[in-house]
S.K.: 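There's a structure below that I have some questions on.
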Number of protein chains: 2
Amino acid sequence: MSRTAHNPEATRRALLESAAAQIHRLGFQATSLDAILAETGVSKGALYHHFATKRELGLAVVDEVYRTPFLDDWRAGLNQGGDPLTDLLVLLRRKRDQASLCTVQHGCPLNNLAQELAGLDEEFRRRIEAVMRDWRLLIQDALERARQAGLLRPGVDPAREAAFVVAVVEGATGTAKTAQDPQLFADTLATLEEHLLALRLRSA
Amino acid sequence: MSRTAHNPEATRRALLESAAAQIHRLGFQATSLDAILAETGVSKGALYHHFATKRELGLAVVDEVYRTPFLDDWRAGLNQGGDPLTDLLVLLRRKRDQASLCTVQHGCPLNNLAQELAGLDEEFRRRIEAVMRDWRLLIQDALERARQAGLLRPGVDPAREAAFVVAVVEGATGTAKTAQDPQLFADTLATLEEHLLALRLRSA
DNA sequence: GAAAACATACCGAACGGTCGGTTTGGAGTC
DNA sequence: GACTCCAAACCGACCGTTCGGTATGTTTTC
């Protein structure tokens with residue numbers, strides 16, 4: 001952390017990280033700028049030097065904190081070098097095994113924001129949807145590669161299955177958060193894995 | 001509607017309905033009491049005569065507006081008299097066919113509230129989770145009946161599949177809301193239907 | 001059965017705290 | 001000395017909440 005005077009990049013980054021964490025815990029509206037300033041030790045003048053409004057700060061959090069690590073994680077998981085369907089199953093398995101009360105407590109940052117703000121701010125919705133879309137495309141691409149490698153049953157639609165995977169993961173995260181129950185998350189992901197396993201061509 | 005003076009039941013109900021609609025559109029935090037008063041023509045004093053706080057009003061909306069019709073709809077759908085698995089599939093099919101931009105625009109009221117408030121207010125979370133739990137149990141019960149009627153493949157766990165159905169429906173609603181795309185909802189539900197179809201014993 | 005006493009339903013102006021945002025000015029750097 | 005970067009005091013609107021008060025209806029008391 002150790003942010004010293006006149007280190008604009010560090011100041012900006014500290015604000016983004018603190019905002020990201022608080023928005024994840026409390027949502028956008030319930031996150032107060034004062035709390036971010038208290039946590040970072042940054043002054044209000046400095047904050048408004050880097051970000052024009054609270055909204056701009058929030059949008060920057062989506063693009064610069066949430067987006068890249070999330071997509072990178074999935075991209076890396078889906079390009080492990082095994083066959084794409086197996087890579088996907090291993091990735092889901094990993095997510096499932098990592099599910100703890102801590103993980104489940106605050107849910108998925110993007111999904112939280114999307115549900116809170118989709119109806120209130122079109123720009124927020126668009127930015128979040130852009131991440132979701134790229135996420136879907138990563139999975140769709142993996143399934144497409146699996147299909148072209150002859151691993152999938154005929155009739156399997158990569159785009160539709162990708163949308164399904166995304167919906168199930170988001171649904172699992174959301175229901176587990178509401179119930180505060182990691183088991184719910186694990187069970188739902190396990191069922192998804194079974195579903196995906198059944199897409200594999202028997203002869204493959 | 002036609003609320004006249006000294007009709008407390010009507011006044012209370014008008015407040016609940018207006019609040020429910022606005023909370024569905026904007027979320028709890030972004031809903032202002034003044035807007036509810038403007039829409040209903042009720043005075044601020046009258047509102048605070050019926051509800052101690054905004055929070056109490058919101059909790060009452062969950063219990064008295066959202067909960068009952070939602071559970072009744074699913075209960076009725078799952079007790080149509082056909083075999084339980086078919087009833088479930090027909091119900092999902094109906095939900096899928098009814099998906100329009102309008103439906104998808106604001107998402108599921110309960111899911112919206114859950115994602116917005118689960119981390120902020122434990123009592124809200126508990127009340128919403130209670131509805132979700134009853135919903136899961138309705139589906140679990142239907143699948144259990146199907147199992148006992150010998151309709152399901154061995155190894156199918158009604159509780160786990162019920163949790164899966166709930167997660168997929170919530171996930172489908174959420175992703176479709178974020179994308180503002182009814183097709184996403186329909187595709188995801190269709191895939192869920194295929195998954196459930198595969199639970200049926202081949203000889204049945 | 002009328003008046004008194006009370007309860008319920010409702011009114012709306014005003015309060016008070018929060019919080020996003022602004023202003024002003026100063027410190028460091030080129 | 002101009003520009004970036006930041007500090008601290010301050011502003012003002014919004015909004016949930018309060019509260020003194022009115023009106024209508026019901027119960028009690030004589």
Side-chain angles (χ1 to χ4, degrees), chain A residues 1-23 25-62 64 113 116-117 119-121 123-124, chain B residues 1-23 25-62 64 113 116-117 119-121 123-124:
Chain A
M1 187 67 71
S2 85
R3 195 182 49 81
T4 52
H6 289 267
N7 188 345
E9 261 334 293
T11 301
R12 187 187 148 87
R13 196 67 208 171
L15 289 169
L16 283 171
E17 297 288 349
S18 173
Q22 300 213 30
I23 289 172
R25 287 215 329 273
L26 306 170
F28 179 73
Q29 300 176 84
T31 291
S32 85
L33 296 182
D34 283 341
I36 295 171
L37 300 180
E39 185 175 285
T40 55
V42 173
S43 71
K44 200 161 249 194
L47 189 155
Y48 273 89
H49 174 74
H50 288 283
F51 302 98
T53 63
K54 182 191 182 188
R55 180 167 175 268
E56 293 299 322
L57 173 60
L59 290 169
V61 164
V62 173
E64 300 178 39
L113 263 192
E116 180 188 356
L117 299 179
L120 292 177
D121 190 306
E123 183 62 22
F124 261 106
Chain B
M1 187 68 74
S2 85
R3 197 182 51 80
T4 53
H6 290 268
N7 188 345
E9 260 336 293
T11 300
R12 187 186 149 88
R13 197 67 208 170
L15 289 169
L16 284 171
E17 297 289 347
S18 173
Q22 300 213 29
I23 290 172
R25 288 215 328 274
L26 306 170
F28 178 73
Q29 300 176 87
T31 291
S32 87
L33 296 181
D34 282 339
I36 294 171
L37 300 180
E39 185 174 284
T40 56
V42 174
S43 73
K44 202 156 250 193
L47 188 155
Y48 272 88
H49 174 76
H50 288 283
F51 302 97
T53 63
K54 183 191 182 187
R55 180 168 175 268
E56 292 299 320
L57 173 60
L59 290 169
V61 164
V62 173
E64 300 178 38
L113 263 192
E116 180 188 356
L117 299 179
L120 293 177
D121 191 305
E123 184 61 23
F124 261 106

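Throughout, a chain's letter reflects where its sequence line sits, starting with A, and its residues are numbered from 1.
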S.K.: Can you check whether A/Thr11 reaches A/His49 side chain to side chain, under 4.5 Å on heavy atoms?
M.R.: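 No. Closest side-chain heavy atoms not under 4.5 Å.
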
S.K.: A/His50 has an atom NE2; how far is it from atom P of D/dC5, in whole Å?
M.R.: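 About 6 Å, once rounded to whole Å.
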
S.K.: Out of curiosity, B/Gln22 CD to B/Glu39 CD, how far, rounded to the nearest 0.5 Å?
M.R.: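 CD of B/Glu39 is found 5.0 Å from CD of B/Gln22.
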
S.K.: Whole angstrom is fine here: how far is it from CG in B/Leu57 over to P in D/dC15?
M.R.: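 Atom CG in B/Leu57 sits about 16 Å away from atom P in D/dC15.
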
S.K.: To the nearest Å, how far apart are A/Ile36 CD1 and C/dG21 P?
M.R.: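 Whole-Å distance recorded here is 11 Å.
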
S.K.: Under the side chain to side chain contact (heavy atoms under 4.5 Å, CB included) test against B/Ser18, which residue among B/Ile23, B/Val61, B/Thr40, B/Thr31 passes?
M.R.: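 When side chain to side chain contact (heavy atoms under 4.5 Å, CB included) is applied between B/Ser18 and each of B/Ile23, B/Val61, B/Thr40, B/Thr31, only B/Thr40 qualifies.
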
S.K.: Find the distance A/Phe51:CZ to D/dC6:P and express it as a whole number of Å.
M.R.: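 Going from A/Phe51 (CZ) to D/dC6 (P), I get 11 Å.
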
S.K.: Between C1' on D/dG16 and CG on B/Leu37, what's the gap in Å once rounded to a whole number?
M.R.: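 One finds 11 Å between C1' of D/dG16 and CG of B/Leu37, rounded.
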
S.K.: Would you give the length of the straight line joining atom CZ of A/Arg55 to atom CG of A/Leu120, rounded to the nearest 0.5 angstrom?
M.R.: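 Rounded to the nearest 0.5 Å, the CZ-CG separation comes out at 11.5 Å.
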
S.K.: Does D/dC5 have its OP1 or OP2 closer than 4.0 Å to a side-chain nitrogen or oxygen of A/His49?
M.R.: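 For D/dC5, OP1 or OP2 has a side-chain N or O of A/His49 closer than 4.0 Å.
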
S.K.: Expressed as a whole number of angstroms, how long is the span from B/Leu26:CG to D/dC15:C1'?
M.R.: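 That distance rounds to 15 Å.
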
S.K.: Test side-chain contact (heavy atoms from CB on, under 4.5 Å) on A/Val42 and A/His50 and set out the steps.
M.R.: CA-CA 11 Å; A/Val42 173; A/His50 288 283; over 6 Å; no

S.K.: Check the interface with nucleotides 18-20 of chain C: list each N/O to N/O pair with the protein under 3.5 Å, or write none.
M.R.:
| residue | atom | partner | partner atom | Å |
| --- | --- | --- | --- | --- |
| C/dG20 | OP1 | A/Thr31 | O | 3.3 |
| C/dG20 | OP1 | A/Lys54 | NZ | 3.2 |
| C/dG20 | OP2 | A/Leu33 | N | 2.9 |
| C/dG20 | N7 | A/Lys44 | NZ | 3.2 |

S.K.: Which comes earlier along DNA chain D counting from the 5' end, the contact point of B/Gly45 or that of A/Ala46, where each point is its nearest nucleotide?
M.R.: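 Nearer the 5' end of the strand: A/Ala46.
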
S.K.: Just verifying a value: how many Å separate B/Arg12 CZ and B/Leu57 CG, rounded to the nearest 0.5 Å?
M.R.: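 Reported to 0.5 Å precision, the distance equals 9.0 Å.
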
S.K.: Figure out the CG/C1' separation between B/Leu47 and D/dG16, and round it to whole Å.
M.R.: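 Interatomic distance, CG of B/Leu47 to C1' of D/dG16: 10 Å.
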
